[in-house]
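Notes follow once the structure below has been shown.
Computed from heavy atoms alone, side chains included, the values below leave out hydrogens, waters and symmetry copies. Owing to the predicted nature of the structure, the values given are computational and were not obtained by experimental measurement.
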Amino acid sequence: MKYDFDKEINRRGSHCVKWDTAKDDDVLPMWVADMDFEAAPAIKEALRRRVEHGVFGYTQVPESYYEAVTGWFGRRHQWQIERDWMLYTIGVVPAVSCAIKAMTMPGERVLVQTPVYNCFFSSIRNNGCEIAENVLVRDEDTYRIDFDDFERQCADSRTTVFLLCNPHNPAGRVWRKDELERMNEICLRHGVRVITDEIHCELVMPGYRFTPFAAVSEACLNNSVTLNSPSKSFNTAGLQIANVICKDPELRRRIDRAININEVCDVNPFAPVAVEAAYNESEDWIDELNGYIHGNYEALRKFFADELPMAKVTKLEGTYLAWVDVSAWGITSKEAYRMLLHEGKVLVNGGTMYGERAGEGFIRINMACPRSRLMDGLGRIGRVLKAHLKG
């Protein structure tokens with residue numbers, strides 16, 4: 001391999017949310033979606049050059065930024081984005097909130113597919129809307145959509161927006177083109193517009209292919225707002241920039257207005273530089289990263305099969321987040337979280353933060369770390385669960 005993903009970096013004491021939230025230095029964090037790998041060399045070099053300039057004032061986003069984004073999606077995903085469709089903001093979560101603000105009225109319902117990324121819930125509630133759930137159906141080691149229920153939820157006159165997660169966090173699905181098309185057909189029948197969070201779009205395992213929702217058809221493009229950023233895939237979340245892609249000029253104007261009302265319109269001088277270096281110079285890095293994460297997933301799956309066969313590991317199609325069913329131990333997700341933290345000194349996410357009903361009995365494990373660190377964490381999880389089983 002050209003890049004060293006086995007290198008362990010000490011992040012503790014760097015004011016890092018992932019590592020410095022737990023006050024106990026013995027705790028191994030495997031929770032928030034933040035990788036422990038160094039950024040791609042081209043990104044580091046671009047940032048170094050920008051730092052050497054020495055002045056860090058208010059920043060304009062240059063045309064070369066838009067060329068990098070549109071070039072990447074055209075080359076990598078066969079989606080031809082027009083420059084005029086694009087807005088930028090400081091992150092995908094603020095973009096979610098601004099899109100909901102622009103597309104709903106307080107009291108309306110926003111549909112999500114649970115279990116799903118926890119910030120969806122707060123973005124919906126903060127805009128005075130209600131959450132409608134289309135609970136994904138567990139099918140052996142993966143999930144499928146209950147389309148009958150999906151249509152029932154869309155048919156409710158109060159449902160005006162569907163907030164899609166693609167690839168899905170934490171269920172690990174990379175939605176197929178036919179699934180995306182069917183979701184949009186139902187939404188169109190009932191006047192529901194789609195916001196699609198595609199932040200994990202570059203993190204796809206071998207044998208699967210990511211399809212942007214808006215690239216499926218002209219109907220999908222016209223009925224949707226796409227939110228994306230290289231921040232997850234290239235490990236630059238702290239630089240804070242994301243894209244809103246919307247063909248409809250009136251809707252785009254309203255989203256732009258919401259971005260400015262919420263004062264999330266100004267990015268820092270490092271973010272555009274990093275995006276250009278990621279999209280123009282780091283394609284081989286992301287390919288190697290995906291191979292390494294797949295190796296971590298295979299190691300995790302083998303560990304549970306050999307050491308904790310009662311646990312059920314969800315098939316991973318995309319993201320670097322393992323979704324593991326530990327309900328066979330007769331414990332809740334919150335109990336599992338507390339046991340692993342206090343007895344095993346390993347910090348994971350409890351499943352119910354992704355939906356009280358759909359996430360119960362699960363934990364989410366961040367695998368984006370050197371394999372030695374992953375195996376350390378899995379060993380801690382194994383010791384706690386084995387001891388609980390004996391008890």
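- Summarising the local packing, NZ of Lys177 is surrounded by 12 or fewer heavy atoms from other residues, nucleotides or ligands at distances under 6.0 Å.
- At distances below 3.5 Å, at least one donor-acceptor pair connects side-chain atoms of Thr159 with backbone N or O atoms of Gln153.
- By the neighbour-count criterion of 12 heavy atoms within 6.0 Å, atom CZ of Arg257 is sparsely surrounded, having that number or fewer from other residues, nucleotides or ligands.
- Distance CG/Leu163 to CD1/Ile131: 10.0 Å, rounded to 0.5 Å.
- Using a cut-off of 4.0 Å between Lys/Arg side-chain N and Asp/Glu carboxylate O, Arg76 and Asp287 are scored as salt-bridged.
- A donor and an acceptor atom, one from each side chain of Asp6 and Tyr292, are located under 3.5 Å apart.
- No side-chain donor-acceptor contact under 3.5 Å links Asn262 to the backbone of Val264.
- At least one side-chain heavy atom of Ile259 sits under 4.5 Å from a side-chain heavy atom of Cys265.
- Taking 4.0 Å as the cut-off between side-chain N and carboxylate O, Glu307 and Lys302 do not count as a salt-bridged pair.
- Comment: Arg49 engages Glu45 in a salt bridge, judged by a side-chain N to carboxylate O separation of less than 4.0 angstrom.
- Other residues, nucleotides and ligands contribute over 12 non-hydrogen atoms within 6.0 Å of the CZ atom of Arg11.
- A salt bridge links Arg373 to Asp36: at least one charged side-chain nitrogen sits closer than 4.0 Å to a carboxylate oxygen.
- A distance-only check finds a donor-acceptor pair linking the side chain of Ser282 to the backbone of Ala277 [under 3.5 Å].
- Taking a 6.0 Å sphere around CD of Glu8, one finds it holds more than 12 heavy atoms contributed by other residues, nucleotides or ligands.
- Using a 4.0 Å cut-off between charged nitrogen and carboxylate oxygen, Arg12 and Asp20 do not count as a salt-bridge pair.
- Remark: Arg182 qualifies as a cation-pi partner of Phe147 under the 6.0 Å distance and 45° angle criteria applied to the six-membered ring.
- Annotation for Leu180 and Phe213: closest pair O-CE1, 3.7 Å, computed over non-hydrogen atoms.
- Ring centroids of Trp285 and Phe5 are separated by less than 6.0 Å, placing the two rings close together.
- Under 3.5 Å, the side chains of Ser64 and Glu276 contain a donor-acceptor pair of N or O atoms.
- Sparse packing is recorded around CE of Met105, with 12 or fewer heavy atoms of other residues, nucleotides or ligands lying under 6.0 Å away.
- Side-chain contact check for Thr226 versus Asp197: every heavy-atom pair is 4.5 Å or farther apart.
- In this structure, Val267 and Val61 approach most closely via the heavy-atom pair CG2-CG2, 3.8 Å.
- Salt bridge status for Asp139 with Arg144: present, with a side-chain N to carboxylate O gap under 4.0 Å.
- Counting only distance, with no hydrogens or angles, the side chain of Arg252 and the backbone of Cys246 share a donor-acceptor pair below 3.5 Å.
- For the side chain to side chain contact (heavy atoms under 4.5 Å, CB included) criterion with Ile245, the lone passing option out of Thr196, Asn228, Leu227 is Asn228.
- Side chain of Ser157 to main chain of Ala155: no donor-acceptor pair is present (N/O by atom type, distance under 3.5 Å, no hydrogens or angles).
- To the nearest 0.5 angstrom, Ile381 atom CD1 is 7.5 Å from Leu300 atom CG.
- Here the CD-OH distance, from Glu288 to Tyr3, works out to 6.5 Å after rounding to the nearest 0.5 Å.
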Intermediate values then yes/no, ring pair (Phe, Tyr, Trp, His ring centres under 6.0 Å), Tyr208 and Trp175: CA-CA 9 Å; Tyr208 298 95; Trp175 301 115; over 10 Å; no

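- Ring geometry for Phe56 against Phe270 counts as tilted: the plane angle lies between 30° and 60°, on a 0 to 90° scale.
- We find the CG-CG distance between Asn366 and Leu321 to be 5.5 Å, quoted to the nearest 0.5 Å.
- Between Arg83 and Glu63 there is a salt bridge, with a side-chain nitrogen of the basic residue lying less than 4.0 Å from a carboxylate oxygen of the acidic one.
- A salt bridge is absent between Lys247 and Glu82; no separation between the charged side-chain nitrogens and carboxylate oxygens falls under 4.0 Å.
- Judged purely by atom type and a 3.5 angstrom limit, Thr352 has no side-chain atom pairing as donor or acceptor with the backbone of Ser333.
- We find the CG-OG1 distance between Asp266 and Thr59 to be 8.5 Å, quoted to the nearest 0.5 Å.
- Residue-environment remark: CD (Gln60) stays at or below the threshold of 12 foreign heavy atoms within 6.0 Å.
- The two residues Arg50 and Pro269 have their closest heavy-atom pair at NH2-CB, 3.6 Å.
- The six-membered or imidazole ring of Phe162 lies near that of Phe150, with a centre-to-centre distance under 6.0 Å.
- Between Arg189 and Glu151 there is a salt bridge, with a side-chain nitrogen of the basic residue lying less than 4.0 Å from a carboxylate oxygen of the acidic one.
- A salt bridge links Lys7 and Glu38; the closest N-O separation between the charged side-chain nitrogens and carboxylate oxygens is under 4.0 Å.
- Residues Phe210 and Asn166 have side chains in contact (heavy-atom distance under 4.5 Å, counting atoms from C-beta outward).
- Cation-pi check for Arg173 over Tyr143 is not met; the charged atom does not lie both under 6.0 angstrom from the ring centroid and within 45 degrees of its normal.
- Formation of a donor-acceptor pair under 3.5 Å by the Glu283 side chain with backbone atoms of Asn280 is not found in this model.
- Of all the heavy atoms in Thr319 and Met205, the pair that sits closest is O-CE, 4.0 Å.
- Checking side-chain atoms of Lys18 against main-chain N and O of Met30 turns up no donor-acceptor pair under 3.5 Å.
- In this structure, Lys101 places its NZ atom where only 12 or fewer heavy-atom neighbours from other residues, nucleotides or ligands lie under 6.0 Å away.
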